[in-house]
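Structure first, commentary second.
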Amino acid sequence: MYINDRDQINYHGFLKALRAMNKVGQECVSTGICTVSGMNRFENGNRIAEKLMRDRLTARMGISGEKYEDYLQPREYARWQHRLRLIKAIEKRDLIVAKEELSAYEVLPKLNTPNKQFVEAMRYMILSLENASLDERLACVKKAIKYTVPNVKKALNGAHLLADQEINLIAEQMRLLAPKATVRDEIAWRISEYEKLIAYMDNSHWEVLQKAKVYPKVVYYICQLIAQKEATEEELRHGLELCHTAIELLRDSRRLYYFIELTEMRKILAERFLLCDLSSSERTKIQEMLTENENWEKVFKELYAEYDIAPYMSNFCYLYYETECHNMAEVIEIRRKMFNLSRMKLSEGICTDRTIIRTERQSGCPNIEVIRMLFEKLGLCAEYRRAQIITTDVKALILYNEDLYKAACDNNYEMVLKYIDHLKILIDMELPHNKQEIKRIENYMLYRAKKISEDILASNIIEALECTVDPLVLLRNKEKFFTRSEITCIHDLAFDVNTIVSEACLCIVEELCNESRIEKKESRFSIREWLIGRWAGKLGDEGRYSEAGNMRVSILK
């Protein structure tokens with residue numbers, strides 16, 4: 001196992017580097033969330049930010065939490081489960097359960113401002129489902145915003161950074177707010193208010209996925225207003241351009257937030273635009289777009305109807321899903337048993353075996369330094385919050401998450417390999433977790449480019465897995481816990497090569513795709529689609545069509 005320079009690697013180092021890349025001060029990031037001295041303690045590693053706190057700090061600087069694995073103390077993990085139960089109840093429109101969960105959550109001790117804002121955001125959604133009065137909903141959303149955004153106007157003018165959840169709440173407030181008596185044209189006023197949000201997002205450092213969560217919604221609100229008035233040719237053109245940008249964001253991020261709403265608005269605006277005095281080339285372009293738009297709308301509406309899925313967005317719960325969260329105590333116990341380590345053996349040189357007993361029983365949790373050493377001994381990354389590569393170089397993370405990912409989706413193997421060569425220079429390749437991830441991707445791309453054989457691919461993927469896990473562990477009939485990077489190696493060994501561990505890997509994938517396990521663990525949403533998609537394909541190939549169909553329905557839902 002490695003001994004890393006924690007001051008260079010840990011979340012606080014990443015947070016500091018992220019702020020440096022955005023060229024903003026601590027106050028610009030922390031306003032409404034924590035004090036500057038609190039932010040300073042987070043960045044110096046003297047204090048660990050609570051889950052929602054660190055999510056909000058990084059979200060303000062444009063990094064979506066979906067690409068991270070979070071290892072939480074038992075008490076914090078219980079709060080995460082509580083939030084998830086509340087979100088699920090709202091999505092299912094089970095208002096009785098939702099209200100019970102909300103009442104229990106809002107009285108929890110030491111709720112920070114992101115937590116308090118979460119409570120009011122959930123209350124606002126419940127009020128909306130109950131068709132509460134406009135005044136009641138407006139008061140609720142105003143209260144929610146106030147927790148982390150002291151002054152909306154100043155924030156939008158650059159006083160401090162905003163996260164996607166905050167922009168979403170501000171958009172909700174704009175939708176409900178009555179204009180001042182001096183406003184002559186209410187529609188024009190509302191459009192101008194929404195345009196401020198568009199301008200903020202366009203000028204932000206937000207990554208594609210984060211922007212895709214809110215941008216389409218704001219565009220939809222703008223286009224609704226444009227459609228309500230006698231719009232000029234320029235206004236119609238602007239609305240169509242906004243729709244195009246929003247839809248491209250959704251395509252790039254593989255999301256469907258407000259997709260049907262946008263296609264319907266694009267059709268209305270385009271048909272009215274065709275009545276203007278256009279050039280023949282522009283008219284042809286709009287007609288082609290309308291045909292494409294009609295095809296998309298038809299296919300998706302049929303798909304939604306077939307699987308009994310609502311085609312329209314009814315709430316913004318998707319903004320509050322926290323994925324890849326794990327209980328530190330459970331992870332330590334499962335990995336210890338996976339590796340056939342006694343408590344005494346695991347504790348050697350780190351702590352007493354009684355500390356391990358208390359940790360696994362969740363009657364106490366050691367300090368973070370002890371947790372880190374235990375994690376390292378169990379082949380886990382010492383980071384309590386980690387992406388698939390470990391680095392404080394934010395540009396390297398963006399290169400990995402966006403540029404490399406896009407090139408891989410486009411099957412541009414040569415470009416992927418160039419990006420990998422660049423990443424090897426930017427990140428510490430002595431860290432086993434970095435070595436594992438880069439080795440797996442590089443060899444998989446070499447295989448896809450037909451530069452290495454299947455046998456070499458199999459051998460190299462096993463070597464990548466060995467960076468953190470002995471492949472013999474896969475053959476043991478015990479409960480297992482794998483990191484996201486380890487699961488990608490297991491996936492490749494299960495589906496893409498034929499080795500002595502392929503059958504064991506398939507069994508592991510089957511277990512991970514089991515619906516009851518997913519519901520029980522309430523985790524791994526971010527890799528579920530990809531993993532279940534491959535498993536459903538295998539079931540279909542074997543003629544198990546009913547099971548495959550059920551799997552695909554679960555992916556859609």
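Numbering starts at 1 and runs along the sequence shown. These numbers were taken from a predicted model, which means no experiment stands behind them.
- Under the side chain to side chain contact (heavy atoms under 4.5 Å, CB included) rule, Leu57 has a single partner from Val29, Leu52, Leu161, which is Val29.
- Judged by the 6.0 Å distance and 45° axis criteria, Lys301 is not positioned over the aromatic ring of Tyr304.
- Within a 6.0 Å radius of NZ in Lys435, no more than 12 heavy atoms belonging to other residues, nucleotides or ligands are found.
- The shortest non-hydrogen separation linking Ser64 to Glu207 is N-OE2, 2.8 Å.
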- Task: Assess whether salt bridge (charged side-chain N to carboxylate O under 4.0 Å, His left out) is satisfied between Glu442 and Lys424, documenting all intermediate values.
- Result: CA-CA 11 Å; Glu442 181 177 34; Lys424 287 179 181 178; 2.9 Å; yes
- Query: Which is it for Asn315 and Glu91 under the side chain to side chain donor-acceptor pair (under 3.5 Å) test, yes or no, and what are the steps along the way?
  - Reply: CA-CA 8 Å; Asn315 59 60; Glu91 285 195 327; 5.3 Å; no
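- For the pair Arg60 and Asp164, the salt-bridge criterion is not met [side-chain N within less than 4.0 Å of a carboxylate O].
- Proximity of a side-chain donor or acceptor of Thr391 to a complementary backbone N or O of Ile427 within less than 3.5 Å is not detected.
- The pair Asp202-Lys211 meets the salt-bridge criterion, since a charged nitrogen lies less than 4.0 angstrom from a carboxylate oxygen.
- Side-chain contact of Ser128 with Arg137: a donor-acceptor pair under 3.5 Å is absent, judged by distance alone.
- Partners of His205 under the ring-ring contact (aromatic ring centres under 6.0 Å, His included) rule, at least two apart in sequence or in another chain, do not exist in this structure.
- The backbone N or O of Val509 lies less than 3.5 Å from no partner atom in the side chain of Trp535, so there is not a single donor-acceptor pair.
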- Task: Quick one: do Glu486 and Thr468 satisfy side-chain contact (heavy atoms from CB on, under 4.5 Å)? Show the steps, please.
- Result: CA-CA 8 Å; Glu486 289 166 352; Thr468 58; 2.7 Å; yes
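- Taking the six-membered ring where tryptophan is involved, the planes of Trp296 and Phe259 are tilted, since the angle between them lies from 30° to 60°.
- With respect to Glu69 and Arg484, no salt bridge is recorded, no charged nitrogen being found less than 4.0 Å from a carboxylate O.
- Below 30°, between 30° and 60°, or above 60°: for Phe481 and Tyr71 the angle between ring planes is above 60°, a perpendicular geometry.
- With 3.5 Å as the limit, one finds a donor-acceptor pair spanning the side chains of Tyr221 and Arg175.
- With Glu43 as the partner, the salt bridge (charged side-chain N to carboxylate O under 4.0 Å, His left out) test is satisfied by one option alone out of Arg19, Arg54, Lys16: Arg19.
- Nearest heavy atoms, Met445 versus Tyr413: SD-CD2, 3.6 Å.
- In this model, a donor atom of one side chain and an acceptor atom of the other lie less than 3.5 Å apart for Glu172 and Tyr124.
- What you find for Gln210 and Gly62 is that their closest heavy atoms are OE1-C, 2.9 Å.
- Residues forming a ring-ring contact (aromatic ring centres under 6.0 Å, His included) with Tyr105 (at least two apart in sequence, or on another chain): His82, Phe118.
- Within a 6.0 Å sphere centred on CD of Glu292, other residues, nucleotides and ligands contribute more than 12 heavy atoms.
- For Ala155 against Tyr200, the heavy-atom pair with the smallest separation is O-CE1, 4.2 Å.
- When all heavy atoms are compared, the tightest approach of Cys34 to Met39 is SG-N, 3.9 Å.
- Put simply, the side chain of Val152 does not reach to within 4.5 Å of the side chain of Glu166, judged on heavy atoms.
- Between the side chains of Asn115 and Glu50, at least one donor-acceptor pair of N or O atoms lies under 3.5 Å.
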